[in-house]
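A quick write-up on the structure given underneath.
Quantities reported herein were computed from a predicted structural model and do not represent experimental measurements.
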Amino acid sequence: MTKAAEIDIVSVSKIYGQTTAVHAISLKIPAGSYCCLLGPSGCGKTSTLRMIAGHESISEGDIRLGTKVVTDLPPARRGTAMMFQSYALFPHLDLIDNVAFSLKMKGVEKEERRRKALEMLQLMQLEPYATRRPAQLSGGQQQRVALARALITDPEALLLDEPLSALDPFLKIRMRAELKKLQTTLGITFVHVTHSQEEAMALADIVVVMNDGRIEQAAHPRTVFERPATAFVARFMGDHNVITGRVVEKVENGIIIEVPGGGRFQAIDGTGEIGDAADIAVRTDRVMLAETSAPTLGFTGIVQNVEYRGSSVKMVVSGAGIEDFTLIISDAAFFANPVKMGDAVPLSWNSGDAIVLGRITH
């Protein structure tokens, strides 16, 4: 196989008429890594992927693949291969001819391209189905054919546009494992667009969270999960509560903010001037149903909702000027002292579990 290439995106923008879909983003994707571009619909992740592939022109900036600037090169000369969301298989061709199609377009001899296509089908464990047509395959098998067809060109980077979105939940999890295994085996750079936090966390070495055409955070999944860079990342990943207020006091190693409803909350590892707007994040699984030892590390609220999830229970509480504050506790902890909607409950957390979030100035 071809060796993997680093992808370097340098101040790249995409402008459609009056609309800027991607705002001067810069990102280095290390060679041989699995990168997930993550974000809601319309955040610019697919436009970014298509610009790397060459299926979308770049309005400003440059893209490098390894040492080569590919900004103006056509897709076939970039050293990338793209797997589309719809798989785009030819219904009238068998699997061998589907997989060998790009080699046929390059003028490779029939014997050689059939041999290579069979090798790729073997890699995907589809050799027994080589003479079938796409309609005779399951969704997961069709996806593997699309992967084989993309990989036959020996790309330095494989680009995947929401590759699992058409599959049922059980198959999604199986295909996730296969994609990760394939990327590790081949050692090439994978760039994968998804709107699923779970998918990005399970697959990626680097998660790039996008919002409104900008990168909010690019880091290892654990960093994104434990130390979200902004309120958007904290909310989008869904594992932190965000408390927004104004700085009323500076304390050692952090700040205290006041929310419009009057509650005061402390957080570490952050700075801010008195009167500045600030966001604090508190992990949902670090909140306890217990009286607080410090008034700035908890509050008393009214239970709005309780959801039993098997090994855990999710609760939503409102109070102290905060709406919809979520906590996730173990089923054992909940059933030892169960509460119901409408109950008043004390909540608390440790000082290390509340962090000050950064703010992106647009």
task = Carefully, step by step, assess V316 and T326 under the rule side-chain contact (heavy atoms from CB on, under 4.5 Å).
result = CA-CA 5 Å; V316 178; T326 301; 4.1 Å; yes
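- Side-chain contact between R114 and D97 is present, with at least one heavy-atom pair separated by less than 4.5 Å.
- R115 has a carboxylate O that lies under 4.0 Å from a charged side-chain N of E119, or vice versa, which qualifies the two as a salt bridge.
- Among all heavy-atom pairs drawn from I255 and G272, the shortest one is CG2-N, 4.0 Å.
- Scanning all heavy atoms of the two residues, the minimum distance from L27 to A218 falls at CD1-CB, 3.9 Å.
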request  = Before giving the answer on side-chain contact (heavy atoms from CB on, under 4.5 Å), spell out for V233 and L357 the whole-Å C-alpha distance, their side-chain angles and the decisive distance to 0.1 Å.
outcome  = CA-CA 9 Å; V233 177; L357 298 168; over 6 Å; no
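- Looking only at side-chain heavy atoms (C-beta outward), F236 and M210 stay at 4.5 Å or farther from each other.
- Y34 and F190 have tilted rings, their planes meeting at an angle from 30° to 60° on a 0 to 90° scale.
- With hydrogens and angles disregarded, no donor-acceptor distance shorter than 3.5 Å links the side chain of T194 to the backbone of E199.
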message = Assess the residue pair V345 and T300 against the criterion (side-chain contact (heavy atoms from CB on, under 4.5 Å)); give the C-alpha distance rounded to whole Å, side-chain angles, the decisive distance to 0.1 Å, and a yes or no.
response = CA-CA 6 Å; V345 292; T300 296; over 6 Å; no
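- With R78 contributing its side chain and V70 its backbone, the two residues share a donor-acceptor pair below 3.5 Å.
- Side-chain atoms of L89 and R149, non-hydrogen and from C-beta on, do get closer than 4.5 Å to each other.
- Under a 4.0 Å N-O distance rule, the pair E258/R246 does not qualify as a salt bridge.
- In this model, a donor atom of one side chain and an acceptor atom of the other lie less than 3.5 Å apart for S57 and K14.
- If you check the side chains of T71 and D62, you find a donor sitting under 3.5 Å from an acceptor.
- Across every non-hydrogen atom of R133 and P91, the tightest pair is CD-O, 3.4 Å.
- Of the residues Q125, R132, E127, the one that meets the side chain to side chain contact (heavy atoms under 4.5 Å, CB included) test with Y129 is R132.
- Counting heavy atoms from C-beta outward, T244 and P260 have side chains that stay 4.5 Å or more apart.
- The ring pair (Phe, Tyr, Trp, His ring centres under 6.0 Å) analysis of residues 137-162, with sequence neighbours excluded, yields no pairs.
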ask   = Passes side-chain contact (heavy atoms from CB on, under 4.5 Å), L123 versus L147? Steps please.
value = CA-CA 10 Å; L123 179 70; L147 270 169; over 6 Å; no
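- Note on ring orientation: taking the six-membered ring where Trp is involved, the planes of F325 and W349 are parallel (angle under 30°, cut-offs 30° and 60°).
- Here D205 pairs with K180 in a salt bridge; the nearest charged N to carboxylate O distance falls below 4.0 Å.
- When each of D276, D279, T230 is paired with R359, the side chain to side chain donor-acceptor pair (under 3.5 Å) condition holds for D279 and for no other.
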